[in-house]
Amino acid sequence: MDINISEARSQVNEKGFLDIDVDPRLDLFQEIEKLKKEKNAILLAHYYQEPDIQDVADYIGDSLGLAQQAAKTDADIIVFAGVHFMAETAKILNPNKKVLLPDLKAGCSLADSAPAELFRRFKEKYPDHLVVSYINCTAEIKALSDIICTSGNAEKIIESIPEDQPIIFAPDKNLGGYLNKKTGRNMVLWNGACMVHEIFSLEKIMRLKMRHPKAKLIAHPECEEPILRISDFIGSTTQLLKYVVKDDAQEYIVATETGILHQMQQDAPGKTLIPAPPNNSCACNDCPHMKLNTLEKLYLCMEHETPEILMDEKLRLASLKPIERMLDISRAAGLIG
Ligand code: SF4
């Protein structure tokens with residue numbers, strides 16, 4: 001149904017995006033490039049976005065890289081092709097810039113697994129604990145945390161904390177369990193998880209390994225422990241990408257969201273990349289939240305500068321502190337420039 005722009009604007013909170021028909025004759029790649037220049041906008045995209053969006057982005061990265069880009073950009077508008085907590089993080093770091101997200105309903109099952117009120121009560125049970133939270137959480141959880149981390153810097157962040165300081169790690173229990181093993185800590189773990197990374201089937205991966213005996217299994221630390229145990233390499237999305245480029249094997253079974261395969265194939269064109277099979281009848285392991293963003297929604301949100309991320313200033317300031325601590329520790333550890 002064709003509706004006008006003011007009607008579409010009034011429905012944004014309910015629908016999540018501007019529900020307007022896009023002229024099919026438009027070359028959206030060109031239009032988006034034009035809008036970037038006209039509006040001095042930067043387009044940041046996560047590796048899990050659809051290939052068309054990755055191809056038109058100014059910067060493609062994982063959570064750490066995107067947070068860093070958002071912190072240093074001098075663009076007037078940040079268009080964030082990712083999920084809500086990522087765009088929210090960009091807004092926390094850039095209160096005076098307009099931050100746009102093509103679909104406000106692009107959420108995250110991991111962030112949703114830590115409701116703020118329940119977490120506040122959980123935290124009260126451990127008054128002497130420091131809270132380290134994975135960046136995949138809401139601003140409310142960030143505000144209840146002491147330091148934020150990403151999968152790319154989590155180990156360094158944990159290691160920067162004195163050994164006798166007890167820690168709560170939230171919201172991802174799989175990443176937390178992996179970090180406990182790596183660092184020898186005994187962090188108290190919040191019981192959250194990502195629906196995409198919990199779906200891999202150990203049995204199907206074992207069968208795949210038998211069919212491809214030379215293939216290396218590489219996994220994101222949000223995967224469950226049995227998958228991590230049989231992996232040849234574990235790392236953040238960026239670390240997985242770099243590993244495939246530098247490593248001398250020819251075949252890889254990739255246990256993370258399939259969006260990263262687009263960039264991997266571009267950076268390592270001669271290699272064979274096999275998405276790890278999920279534990280259901282569907283053949284893919286796409287993140288349904290990430291994939292809510294489309295090229296059409298991206299174009300519309302840039303053209304009409306909506307949906308926009310707006311935040312309460314008190315909450316923004318409270319959630320900024322632990323992100324700044326993360327960026328400081330990452331800089332000191334040489335992880336970012
Ligand atoms: S892949 Fe998992 S952690 Fe990432 S946005 Fe989707 S649900 Fe959240």
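What you are looking at is a predicted structure, and each value in this text was computed from that prediction instead of being measured. In what follows, residues are counted from 1 in the order of the sequence shown. As a basis for the values below, the full set of heavy atoms in this structure was taken, side chains included, without hydrogen atoms, waters or symmetry mates. First listed ligand is number 1; within each ligand, the first listed atom is number 1.
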**Student:** Should Val254 and Leu228 be regarded as members of a common hydrophobic cluster, given that ILVMFWY residues are connected when their side-chain heavy atoms come within less than 4.5 Å of each other, either directly or indirectly?
**Tutor:** yes
**Student:** Could you check atom 7 (S) of ligand 1 against the protein and tell me its nearest heavy-atom contact, residue, atom and distance included?
**Tutor:** Ser109 OG, 3.3 Å
**Student:** For ligand 1, which atoms sit closer than 4.0 Å to a heavy atom of His289?
**Tutor:** 7 (S)
**Student:** Closer than 4.0 Å to some heavy atom of Cys287 - which atoms of ligand 1 meet that?
**Tutor:** 1 (S), 5 (S), 6 (Fe), 7 (S)
**Student:** Answer yes if Phe200 and Leu175 sit in the same cluster of Ile, Leu, Val, Met, Phe, Trp and Tyr residues linked by side chain heavy atoms under 4.5 Å apart, and no otherwise.
**Tutor:** no
**Student:** List ligand 1 atoms under 4.0 Å from Glu222, heavy atoms only on the residue side.
**Tutor:** 3 (S)
**Student:** Show which atoms of ligand 1 fall inside a sub-4.0 Å distance from at least one heavy-atom site of Val196.
**Tutor:** 1 (S)
**Student:** How far is atom 8 (Fe) of ligand 1 from its nearest protein heavy atom, and which residue and atom is that?
**Tutor:** Cys108 SG, 2.3 Å
**Student:** Can Asp23 and Arg25 be counted as an ion pair, charged N to O under 4.0 angstrom?
**Tutor:** yes
**Student:** So which heavy atom on Met326 is nearest to which on Ile148, and how close?
**Tutor:** CB-O, 3.0 Å
**Student:** If you measure from the Lys or Arg side-chain nitrogens to the Asp or Glu carboxylate oxygens, is any gap between Glu324 and Lys321 under 4.0 Å?
**Tutor:** no
**Student:** Atom 2 (Fe) of ligand 1: which protein heavy atom is closest, and how many Å away?
**Tutor:** Cys194 SG, 2.3 Å
**Student:** Between Glu124 and Arg120, does any NZ, NE, NH1 or NH2 come within less than 4.0 Å of an OD or OE carboxylate oxygen?
**Tutor:** no
**Student:** Judged on heavy-atom distance to atom 3 (S) of ligand 1, which of Asp286, Asn136, Thr256 sits nearest?
**Tutor:** Asn136
